[in-house]
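Inspection log for the structure reproduced underneath, given as structure tokens.
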Amino acid sequence: MGKLKVFGKLTLVASMLVSFAACTKKQNLDEKVLNLVVASEVKGMDPIYANDLYSSNEVARVYEGLLEYEYLKRPYTLAPNLAESMPEVSADGLTYTFKIKAGVFFQDDKAFPNGKGRELVAEDFVYSIKRLADPKLQGLGWWMIDGKIAGLNEWRDKYSKEDVVDYSETIEGLKALDRYTLQFKLSKPFPQFLYSLAMPFTFAVAKEVVEFYGKEFLNHPVGTGPFVLPVFTQEKRLTYTKNPTFRKKTFPSEHSEEFASIAKENAGKDLPLVEKLVVNIMKEDQPRWLNFQKGNLDFISIPKDNFDSAVTPDNGLADTLAKKGISLLISPQLDVTYVAFNHDMDLFKNKKLRQAMALAYDSKTSNKLFYNNTAMSAQSIVPPGIAGNMPNYVSPFRERDLEKAKSLLAEAGFADGKGLPEITYDCPNSTVSRQQGEFFMKNMADIGIKVKVIQNTWPELQKKIDKRQVQMWGIAWGADYPDAENFLQLLYGPNRSPGANGSGFNNPQFNELFKKASLMQDTPERTAIYEKLNRMASEEVPIIYGVHRQKYTMKHGWLKNYVSTDFDAGQAMYLDVDLTKKAEDLDKL
Amino acid sequence: MNTWLYVLRKLIYTIPVLLGVCFLIFLLFNVFSPDPASIILGKHATVKQIEEVRNELGLNKPYFLQYLDIVKSAFTFDFGRSWQTKQDIWDMMKQGAVPSMTLTIPGFMISTVFAIIISLVVSFYRGKLLDKGTVILCVALMSIPSLAYILFGQWFFAYKMSWFEISGYESGFPYFIPYIILPVLIWVFLTIGPDVRFFRTIMLDEIYQDYVRTARAKGLSETTILFKHVLKNAMIPIITYVIIQLPFLILGALLLESFFSIPGLGGITISAVYASDLPVIKAMTVLTAVAYIIFSIITDVLYTVVDPRVSLK
């Protein structure tokens, strides 16, 4: 009897477990829900702190800015968003006047009287940009407008010494001329200024909401955007719903030829196209991969370890996946990987040594080993897709040539590496970074140069670069905005560390040309200067170029209108879900 | 000694311990940690803004004042806001502690109860096939890396068999249950090996004591001997082992949380370490130290309950 009782209890426990286990969630096919994934924590929902890709994407689901990127146009083109049209720019390029759209309302929230969101006005942008400049808040996008708007730096400096910041004080370069007119006056020409108005840092927030929630404002996003997130918590899942008071915004008809079918099918439809948006935070590759295969996520970037099983050698999708209705999209990213020299060291002032090391580096094998042969060999610092990149240009110090490298090394005074000290190569502490370091070490050993690989946590590496305690290091740069200036500034002398020019490369001729180009509007003349700078950098070898990476994305057949972009902010409102197709495809998974 | 006096005296001892913990935090942060201002500002940091942020964070104050700030927050439990996420640290911990504990406490309880029962039984059969087989199985379980359990469990039971959720978490009872069953089972497999081996050693020490022979001579059943006499006498080392682990359960299980997307304290702590987020590191270290001291006191007091021969001095 006793044994039977024990057996009975065990059976009960087992059946409870199985019944709970059987409660795995079923897909909701009654409403259009987007299931997205991000690979890192989201810090919060305050636009002025959205300096990482993940946080800025989340911010942009709720908040909006004056400008945005055309969803279906490449190269990337700015378009008005909350602005009625592109701004009027004065002849001297210093004054930008925007008319903002009338009838745009903030989302309903208890911070407003009667809980009803009020209309957005030009003054909201004045307030939002002052918040970004507020010395007490230390907004992380300040770099974008630092020294650019007349009077704003003075305002910031003045209140950095005071206890309370006065937002009512008028700033010469930042004014609401009337309810719907906003005017910026720049202190010097800065053609990239418009890009900053498409970045979440400058998106519109309402003063009363900021004041109502105080320090908790970052957890109570209230914008004018297409989706509503009632409260932000540090969960691993954020659930947004369609903003019921979202203005009439329709799917764009403007498009590049490659996106003609999407435009034809959707132009004029009211946005957003889905009812709900679920953002899952999954840091590890395996759960992302398995959840996608199970249909719990609509699209993912292919994890490195799953690449071979998903993509065929000729860049096609594996049959097993194609049969499930999955498709593959390959698109270049606006980025560059490189190995930097510390130009503060006398050793690396020796140009022939830098050239020799660049020629000894086997970028083709590196691409094969670390990027599954998917990346593009970087011939210059500016990636394809933006003005200044030269598609047919081949750097003289790019492809591996050991004989020439040895000869240059001898000319540099270090024949067969004799007389050279051991050079340190610092890298982050991931396995791939270490392997890349070891590969670099092996490449250099082939011409007699000894390299020692040192791993660091990312903050440690950053600290060592700032304190000039590095000799060489592997790193990458992704575009903040689609302009060659954003890449060429990595070599601009005055930008030295802790600025973006970590290598400390400082060439007066390069600096002068860069400065000239950075003040010019987007013209063929400016593009010509960018190209000259590119060539100059290739000759000088201030850094050893790696690759421009490509994005490999897999998406399910039910996801419509997906377009790969480097500027994902706002993308979700254009995406659609075909529920019939989803029901069919889920059966195949 | 009166138990309350003993507890009070032990609590007074926490003051120098906390001062020492604060000094260690201060030392580690100021000597080894990268500049948090550079990390916060990221790739566009300028010298001027780094200085401004350092001023705002109080990093340009004299070292002694910085140490006092740490001491003050340790004794008032006012940890402020995270430098990295700007979130209130108590809110972060409240939000993180519950998911962590919904994973670690059931896992810990199940593995401890099973480990005690298994160790009692196998110690009774010492040297027999059951005992040898269990020891071999425990060593085998311990030899497999924790990542292997997680990767296999997630792939096979959640993806292939669809018995469990692959990852995720929903707050509130009973919504979180489907999400924690698999990680809890993996936790049990991860910890039961070393637990059984440890408890078996304790049981073996007891099972050869004279009182066991006496009990057998009196004709008591083996079940009564094992569960009433042996287990009771083995309780002191078991209590020490179990209770001292409790504070660490709150800290969560980093790998399991990460792979199963459970928003626990493990992930928060690691992110803080990577970002040199002093307020969060400070809060986690101080609270762990305090919890450790409190649970040590509870252990001491429980000794007197379990074994009346023990007195607090």
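Only heavy atoms go into these numbers, but all of them, side chains included; no hydrogens, no water, no symmetry mates. Residue numbers begin at 1 in each chain, while the letters A, B, ... track the order of the sequences. Here the structure is a predicted model, which is why all the values come from computation and not from measurement.
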Are side-chain heavy atoms of [X] and [Y] found at a separation under 4.5 Å?
X: B:Phe259; Y: A:Glu284; result: yes
X: A:Pro287; Y: B:Gln154; result: yes
X: A:Pro135; Y: B:Glu52; result: no
X: A:Gln138; Y: B:Ile40; result: no
X: A:Gln462; Y: B:Ser276; result: no
X: B:Ile166; Y: A:Gln293; result: no
X: A:Pro498; Y: B:Ile50; result: yes

Non-hydrogen atoms of chain B under 4.5 Å away: do they reach the side chain of [X], the backbone, both or neither?
X: A:Gln489; answer: side chain
X: A:Trp477; answer: side chain
X: A:Lys136; answer: both
X: A:Phe232; answer: side chain
X: A:Asn456; answer: neither
X: A:Thr233; answer: both
X: A:Asp466; answer: side chain
X: A:Ile281; answer: backbone
X: A:Lys215; answer: both
X: A:Asn501; answer: neither
X: A:Arg496; answer: neither

Contacting moiety of [X], where chain A heavy atoms sit under 4.5 Å:
X: B:Ser82; result: neither
X: B:Gln95; result: side chain
X: B:Leu151; result: both
X: B:Asn55; result: neither

Partner chain A: residue of B:Pro36, B:Ser38, B:Pro263, B:Ser167 with the largest heavy-atom pair count (under 4.5 Å):
B:Pro263
Considering only heavy atoms and a distance below 4.5 Å, find which of B:Trp155, B:Tyr159, B:Phe157 pairs most often with chain A.
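Looking at each of B:Trp155, B:Tyr159, B:Phe157 in turn, B:Tyr159 comes out on top.
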Salt-bridge present (B:Glu257, A:Lys283; N to O < 4.0 Å)
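Looking at B:Glu257 and A:Lys283, the cut-off is not met.
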Any chance you could measure [X], atom [atom1], to [Y], atom [atom2], to the nearest 0.5 Å?
X: B:Arg81; Y: A:Leu218; atom1: CZ; atom2: CG; result: 6.5 Å
X: A:Asn495; Y: B:Thr46; atom1: CG; atom2: OG1; result: 10.5 Å
X: B:Gln49; Y: A:Trp142; atom1: CD; atom2: CH2; result: 8.5 Å
X: B:Ser171; Y: A:Glu235; atom1: OG; atom2: CD; result: 3.5 Å
X: B:Tyr274; Y: A:Asn429; atom1: OH; atom2: CG; result: 5.0 Å
X: B:Tyr179; Y: A:Arg237; atom1: OH; atom2: CZ; result: 4.0 Å

Chain B interface, residue from [options] that has the most non-hydrogen pairs under 4.5 Å:
options: A:Glu216, A:Lys467, A:Glu460; value: A:Glu216
options: A:Gln286, A:Met282, A:Met144; value: A:Gln286
options: A:Arg288, A:Glu41, A:Arg156; value: A:Arg156

Is it true that atom [atom1] of [X] has more than 12 heavy atoms of other residues, nucleotides or ligands lying nearer than 6.0 Å?
X: B:Phe29; atom1: CZ; result: yes
X: B:Tyr125; atom1: OH; result: no
X: A:Lys588; atom1: NZ; result: yes

Side chains of [X] and [Y] only: does a donor on one sit below 3.5 Å from an acceptor on the other?
X: A:Lys294; Y: B:Ser162; value: yes
X: A:Asp480; Y: B:His44; value: yes
X: A:Asn219; Y: B:Gln87; value: yes

Would B:Lys86 and A:Leu137 count as a side-chain contact (heavy atoms from CB on, under 4.5 Å) here? Give the steps.
CA-CA 10 Å; B:Lys86 319 284 182 207; A:Leu137 298 178; over 6 Å; no
Could you tell me which residues in residues 100-113 of chain B have at least one non-hydrogen atom under 4.5 Å from a non-hydrogen atom of chain A, sorted by residue number?
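Within residues 100-113 of chain B, near chain A: nothing under 4.5 Å.
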Please answer whether the main-chain N or O of B:Met92 pairs with a side-chain N or O of A:Gln234 as donor and acceptor at a distance below 3.5 Å.
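Answer holds: no.
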